[in-house]
Trainee: 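Take this structure first; my questions come after.
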Amino acid sequence: YAHIKCHYFHSSLKDTLDVDTYEDLFILQIGNNISKWYSYHTFQMDSLRKTPDSEQVWKESFNKALENFNKHRDRSRFLSSFPRNRSTEFIYKNYPEGEITVTDAIRTDLFIYQDTLNAQNWQIIDSTKTILDYECQKAESYFRGRLWTVWFTPDIPVINGPWKLGGLPGLIMEAYDVGKQYYFTIVGLETVSEERIFFSERRKWALPIRFP
């Protein structure tokens, strides 16, 4: 069961030669021993698919969004105004114990792999700022070829954060790499109870692979 539920806005630059950005809203469910990270929009789309009138609802939403696009010619508004898949990545920290399990998809290929839990070697820096009324400390780490800067709050003593980031003495509230090509910031935080953390096996997965 989750006892904390965090909402993170995410943006990323699709191509360093392009100004177009990818945006998503992620949910981080945190329990005593496990956490789950997933796209709210993809979860919404998966839930819609299970309803008997899903195709009709999607068509109505798409046609309405298309009408608005014809009026305003705003591509980002169009893409965000009807249900559709965003990130297909689901991240489970400390599952199995001491590791991360990731399920993802590339087009129609679905796969599952395991990664290292809390793999970042953080350097805490003497700098603070306030996010959602919580005082946060700054930390930096090189991780997967990028220099990451994060802001975490010891007032929420969980060693977790967005995406695969974690291992600090407090919840990571904001994270970004140099140039903010990848950016996460918390936009909502709530205490929950009796909220199950499900392993989302959306289809039959391919054979597991091990991440080096």
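Index from 1, following the sequence. Below, all heavy atoms of this structure are taken into account, side chains as well, without hydrogens, waters or symmetry copies.
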Trainee: Would you say F184 and V150 make side-chain contact, with heavy atoms under 4.5 Å?
Mentor: no

Trainee: Find out if a path of hydrophobic residues (ILVMFWY) with successive side-chain heavy-atom gaps under 4.5 Å connects I124 to I156.
Mentor: yes

Trainee: Determine, step by step, whether C136 and T130 satisfy the side-chain contact (heavy atoms from CB on, under 4.5 Å) criterion, reporting the C-alpha distance in whole Å, the side-chain angles of both residues, the deciding distance to 0.1 Å, and the verdict.
Mentor: CA-CA 6 Å; C136 299; T130 301; over 6 Å; no

Trainee: How many angstroms lie between CD in E97 and CD1 in I34, if you round to the nearest 0.5 Å?
Mentor: 11.0 Å

Trainee: Would you say D115 and Y113 are linked by a side-chain donor-acceptor pair, where the criterion is simply a distance under 3.5 Å?
Mentor: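 The criterion, which ignores hydrogens and geometry beyond distance, is not satisfied for D115 and Y113.
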
Trainee: Grab the two heavy atoms, one from L110 and one from A105, that are nearest each other, plus how far apart they are.
Mentor: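 That would be CD2-CB, 3.3 Å.
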
Trainee: To the nearest 0.5 Å, tell me how far L147 CG sits from D177 CG.
Mentor: 8.5 Å

Trainee: Quick check: closest heavy atoms across I197 and G31, and the distance to 0.1 Å?
Mentor: CD1-N, 4.0 Å

Trainee: Do any N or O atoms from the side chain of Q120 and from the backbone of G166 form a donor-acceptor pair under 3.5 angstrom?
Mentor: yes

Trainee: Can you tell me how far the CD atom of Q29 sits from the NZ atom of K5, to the nearest 0.5 Å?
Mentor: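 Between Q29 CD and K5 NZ, I get 6.0 Å after rounding to 0.5 Å.
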
Trainee: Would you kindly confirm whether I106 and I91 end up in one hydrophobic cluster when ILVMFWY residues are joined by side chain heavy atoms under 4.5 Å apart?
Mentor: yes

Trainee: Can you tell me if Y176 and W151 form a side-chain donor-acceptor pair at under 3.5 Å?
Mentor: yes

Trainee: Rounded to the nearest 0.5 Å, what's the gap from CG on D24 to OH on Y38? Could you check?
Mentor: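 Result: 12.0 Å between the selected atoms.
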
Trainee: Hey, are the side chains of F9 and I186 touching, using non-hydrogen atoms and a 4.5 Å cut-off?
Mentor: no

Trainee: With a 3.5 Å distance limit and no angle check, can you tell me whether K93 reaches the backbone of I30 through a side-chain donor-acceptor pair?
Mentor: no

Trainee: I100 versus V102: any side-chain heavy-atom pair under 4.5 Å?
Mentor: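 SC-SC contact between I100 and V102 confirmed.
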
Trainee: Is it the case that one hydrophobic cluster holds both W148 and L117, taking links as side-chain heavy atoms less than 4.5 Å apart, direct or via other members?
Mentor: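 Yes.
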
Trainee: Do I4 and V192 come close enough that some side-chain heavy atom pair is under 4.5 Å?
Mentor: no

Trainee: Any sub-3.5 Å donor-acceptor pair from K36's side-chain atoms to F198's backbone N or O?
Mentor: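 Side chain of K36 to backbone of F198, a donor-acceptor pair under 3.5 Å: yes, one is there.
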
Trainee: In the structure I gave you, are the side-chain heavy atoms of L168 and I159 within less than 4.5 Å of one another anywhere?
Mentor: no

Trainee: Verify the neighbour count for atom CG of N33: are there more than 12 heavy atoms of other residues, nucleotides or ligands below 6.0 Å?
Mentor: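 Count not over threshold, so no.
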
Trainee: Pair N32, H3 - check side-chain contact (heavy atoms from CB on, under 4.5 Å), show working.
Mentor: CA-CA 8 Å; N32 290 330; H3 59 84; 3.4 Å; yes

Trainee: Measuring centre to centre across the rings, with the benzene-like ring taken for any Trp, is W163 within less than 6.0 Å of F143?
Mentor: yes

Trainee: So, do S12 and Y22 sit near enough that their side-chain heavy atoms are less than 4.5 Å apart?
Mentor: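 They are in contact (side-chain heavy atoms under 4.5 Å apart), so the answer is yes.
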
Trainee: Do the ring centers of F199 and Y95 come within less than 6.0 Å of each other?
Mentor: yes

Trainee: Using 0.5 Å steps for rounding, measure from the OH atom of Y1 to the CZ atom of R196.
Mentor: 3.5 Å

Trainee: Quick one: list whatever passes ring-ring contact (aromatic ring centres under 6.0 Å, His included) with Y182, sequence neighbours left out.
Mentor: none

Trainee: Would you confirm whether the ring centroid of W37 sits within less than 6.0 angstrom of the ring centroid of Y8?
Mentor: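 Between Y8 and W37, the centre distance is under 6.0 Å.
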
Trainee: Could you tell me whether the side chain of P162 reaches within less than 4.5 Å of the side chain of L28, counting heavy atoms only?
Mentor: no

Trainee: Verify side-chain contact (heavy atoms from CB on, under 4.5 Å) between E140 and I125, making sure each step is shown before the conclusion.
Mentor: CA-CA 8 Å; E140 291 183 344; I125 297 170; 3.4 Å; yes

Trainee: Measure the shortest side-chain to side-chain distance between T128 and K138 over non-hydrogen atoms and say whether it is less than 4.5 angstrom.
Mentor: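 Side-chain contact under 4.5 Å: no.
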
Trainee: Do we see a donor-acceptor contact under 3.5 Å between the side chains of R146 and Q181?
Mentor: yes

Trainee: Could you check whether E190 and H7, counting side-chain N and O atoms only, form a donor-acceptor pair closer than 3.5 Å?
Mentor: yes

Trainee: Could you tell me whether E135 and K129 make a salt bridge, using a distance below 4.0 angstrom between a side-chain N and a carboxylate O?
Mentor: no

Trainee: If I compare all heavy atoms of F26 with all of S39, which pair ends up nearest, and what's the gap?
Mentor: CD2-N, 3.6 Å

Trainee: So, taking the atom named CE in M173 and the one named OG1 in T185, what distance separates them when rounded to the nearest 0.5 Å?
Mentor: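 Result: 8.0 Å between the selected atoms.
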
Trainee: Could you tell me if N121 and S141 have a donor-acceptor pair between their side chains, going purely by distance under 3.5 Å?
Mentor: no

Trainee: Which atoms form the tightest heavy-atom contact between G167 and N118, and what is the distance?
Mentor: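 Nearest pair, atom of G167 first, then N118: N-OD1, 3.2 Å.
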
